Amino acid sequence: MKHHLIGGALLLAILFTTGCESFSRIAEFKEISLPAVNIVQYSDGPTLRISGQLVQSTRIVEKIRQIKDGRIIEIEVLTSPFSRDGHSGRFKTEVILDNIDFVVFGPEKTLIWRRYPDTMPYRERPNAEFKAPGES
């Protein structure tokens, strides 16, 4: 009996030291409510503020990642089924808009913001052959 308790405790210790990332997954766009995508003007330039929350109340936001690929930023919201102090289903992140023309969300790369010629700072439209992810 004592060996089972030690084995169980060891398994729990391994799970928590690895960050339980095997239970984490990236939220898809259909799994979130995205009430705010706004441009905020700071002294060092415009920034896109994105906030939202998970529709599934059984998961929490564990981490937010921004992945830059050329002039595209992909937002990934990693979720977990384990609740922790200070974590909830809400998230907020900011994207500095310098040299960024598109912001996409999740593994399906849903377009949530694109630069137009009247968006500060001004920039020419991307080359005609360049299309946002998912555009035909």
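Every value quoted in this text rests on a predicted model; they were computed, and no experiment measured them.
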Check your understanding: Should we say atom CG of N38 is surrounded by more than 12 heavy atoms from elsewhere, each under 6.0 Å from it?
Key -> yes

Point to revise | Sole residue of I26, T93, V77 in side chain to side chain contact (heavy atoms under 4.5 Å, CB included) with R65 | key: I26

Exercise for review: Report yes if the side chains of I73 and W113 come closer than 4.5 Å at any heavy-atom pair, otherwise no.
Suggested key: no

Practice item. Considering only NZ, NE, NH1 and NH2 on the basic side and carboxylate oxygens on the acidic side, decide whether E76 and R25 come within less than 4.0 Å. Key: no

**Study point:** Heavy-atom check, side chain of F82 versus side chain of F23, under 4.5 Å
**Key:** yes

Practice item. Determine whether more than 12 heavy atoms belonging to other residues, nucleotides or ligands lie under 6.0 Å from atom CD1 of I64. Key: yes

**Study point:** Joint cluster assignment, I39 & V103, ILVMFWY side-chain distance < 4.5 Å
**Key:** yes

Review point. Run the side chain to side chain contact (heavy atoms under 4.5 Å, CB included) check on V104 and I112 step by step: do they pass?
Key: CA-CA 5 Å; V104 297; I112 60 172; over 6 Å; no

Check your understanding: Do K92 and I50 come within less than 4.5 Å of each other through their side chains, counting heavy atoms only?
Key -> no

Exercise for review: Please test E28 against K109 for salt bridge (Lys or Arg N to Asp or Glu O under 4.0 Å), starting from the C-alpha separation and ending with a verdict.
Suggested key: CA-CA 9 Å; E28 295 180 18; K109 297 179 178 21; over 6 Å; no

Point to revise | Heavy-atom side-chain contact between E108 and F29 under 4.5 Å | key: yes

Review point. Less than 4.5 Å apart, any side-chain heavy atom of F105 and any of I32?
Key: yes

Point to revise | Heavy-atom side-chain proximity of Q53 to V61 below 4.5 angstrom | key: no

Practice item. With rounding to the nearest 0.5 Å, note down the distance linking CG in L78 to CZ in R59. Key: 9.5 Å

Exercise for review: Check salt bridge (charged side-chain N to carboxylate O under 4.0 Å, His left out) between R49 and all other residues, then give those that pass, not counting sequence neighbours.
Suggested key: E94

Study note, to complete from the structure: Rounded to the nearest 0.5 Å, the OG atom of S80 sits from the NE2 atom of H87 at a distance of 8.5 Å

Exercise for review: Report the C-alpha distance between E74 and D69 in whole Å, list the side-chain angles of each, state the deciding distance to 0.1 Å, and finish with yes or no for side chain to side chain contact (heavy atoms under 4.5 Å, CB included).
Suggested key: CA-CA 8 Å; E74 179 183 344; D69 182 16; over 6 Å; no

Exercise for review: Start with the C-alpha distance between D101 and R114, add both sets of side-chain angles, then the distance that settles side chain to side chain contact (heavy atoms under 4.5 Å, CB included), and finish with yes or no.
Suggested key: CA-CA 6 Å; D101 290 324; R114 79 180 308 153; over 6 Å; no

Exercise for review: Would you mind reporting whether I60 and T79 have side-chain heavy atoms less than 4.5 Å apart?
Suggested key: no

Exercise for review: First locate atom CD1 of I72, then atom CG of N99, and finally report the distance between them rounded to the nearest 0.5 Å.
Suggested key: 13.5 Å

Review point. Do the side chains of L48 and V40 get nearer than 4.5 Å, heavy atoms only?
Key: no

